[in-house]
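Quick note: numbers below take in every heavy atom, side chains included, and nothing from hydrogens, waters or symmetry partners.
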Amino acid sequence: PNPLLFMITTAGDDTSSLCYSEYERAKRIKSGEDPSTDHLVQIYEADANARYDDLAQWKKANPGYGKTMLERGILSDIRAAKGRPDRISTLKRYRLNIWTNGG
């Protein structure tokens, strides 16, 4: 009688996808622009223009920072991405939850 649906994902690279559409709706609900009461929204993401090596942004996007996501691993990922646009894009998308344009 009371169904419950969870949607959990990271950012992607296709802003024409269903995922992006749901993300945009969630942002509107969170901001109060959409008055829906049938969704509980929690979004963890870095600022859209955040640098991939800004640890404050990593903390903002990852509630498990320092617990399940250890800083030494994060620093290793940052070092491995330096000078590698493909890896930077991947870090932004999957670790900072920033929508990217492919790559």
Side-chain angles (χ1 to χ4, degrees):
N2 295 307
L4 179 63
L5 171 70
F6 286 90
M7 286 189 271
I8 301 171
T9 188
T10 59
D13 62 2
D14 181 0
T15 57
S16 65
S17 68
L18 174 62
C19 183
Y20 188 77
S21 174
E22 288 296 318
Y23 165 74
E24 288 290 296
R25 180 171 185 225
K27 296 282 279 191
R28 288 192 305 275
I29 292 169
K30 190 169 181 165
S31 74
E33 182 182 340
D34 180 331
S36 296
T37 58
D38 60 347
H39 281 64
L40 172 64
V41 175
Q42 186 61 51
I43 300 173
Y44 295 101
E45 64 184 346
D47 298 335
N49 58 354
R51 290 183 46 89
Y52 75 97
D53 57 355
D54 182 345
L55 292 180
Q57 293 293 322
W58 280 75
K59 290 175 185 176
K60 186 176 177 183
N62 295 282
Y65 187 102
K67 298 171 188 77
T68 59
M69 182 177 258
L70 301 180
E71 191 168 288
R72 69 177 179 265
I74 292 166
L75 293 172
S76 176
D77 287 345
I78 290 170
R79 280 191 300 275
K82 189 172 184 173
R84 304 276 312 272
D86 59 322
R87 287 189 180 185
I88 292 171
S89 181
T90 298
L91 282 182
K92 284 185 170 186
R93 194 165 45 250
Y94 298 120
R95 299 294 194 176
L96 295 174
N97 208 23
I98 297 172
W99 285 81
T100 62
N101 295 320

Going by the ring pair (Phe, Tyr, Trp, His ring centres under 6.0 Å) test, which pairs reach into residues 70-90, not counting sequence neighbours?
-> none
If every non-hydrogen atom of Thr100 is compared with every non-hydrogen atom of Lys92, which pair is closest and at what distance?
-> CG2-CB, 4.1 Å
Under the ring pair (Phe, Tyr, Trp, His ring centres under 6.0 Å) rule, what pairs show up with a residue in residues 72-92, not counting sequence neighbours?
-> none
Mind checking who shares a hydrophobic cluster with Tyr65, ILVMFWY linked at side-chain heavy-atom distances under 4.5 Å?
-> Tyr52, Leu55, Trp58, Met69, Ile74, Leu75, Ile78, Ile88, Leu91, Leu96, Ile98
Can you name the residues that form a side chain to side chain contact (heavy atoms under 4.5 Å, CB included) with Arg84, not counting sequence neighbours?
-> Asp86, Arg87
Please name all residues satisfying side chain to side chain contact (heavy atoms under 4.5 Å, CB included) with Ser17, sequence neighbours left out, ordered by chain then number.
-> Asp14, Cys19, Tyr20, Trp99
Residue pair Ile43 / Ala26: nearest heavy atoms and the distance that separates them = CD1-CB, 4.1 Å
Any salt bridge (Lys or Arg N to Asp or Glu O under 4.0 Å) pairs touching residues 69-79, not counting sequence neighbours?
-> Asp77-Arg95
If you group Ile, Leu, Val, Met, Phe, Trp and Tyr whenever their side-chain heavy atoms sit less than 4.5 Å apart, what else falls in with Leu4?
-> Phe6
With sequence neighbours excluded, what pairs up with Ser36 under the side chain to side chain contact (heavy atoms under 4.5 Å, CB included) test?
-> Arg25, Ile29, Asp34, Asp38
The reported gap from CG in Leu70 to OG1 in Thr68 (rounded to nearest 0.5 angstrom) is 7.5 Å
Donor-acceptor list for residues 44-51 side chains, cut-off 3.5 Å, not counting sequence neighbours:
residue, atom, partner, partner atom, Å
Glu45, OE1, Tyr23, OH, 2.7
Glu45, OE2, Tyr23, OH, 3.4
Glu45, OE2, Lys27, NZ, 2.4
Asp47, OD1, Lys60, NZ, 2.3
Asp47, OD2, Gln57, NE2, 3.0
Arg51, NE, Asp53, OD1, 3.0
Arg51, NH2, Asp53, OD1, 3.2
Arg51, NH2, Asp53, OD2, 2.8

Return yes if some donor-acceptor pair links the side-chain N/O of Asn97 with the main-chain N/O of Ala11 below 3.5 Å, else return no.
-> yes
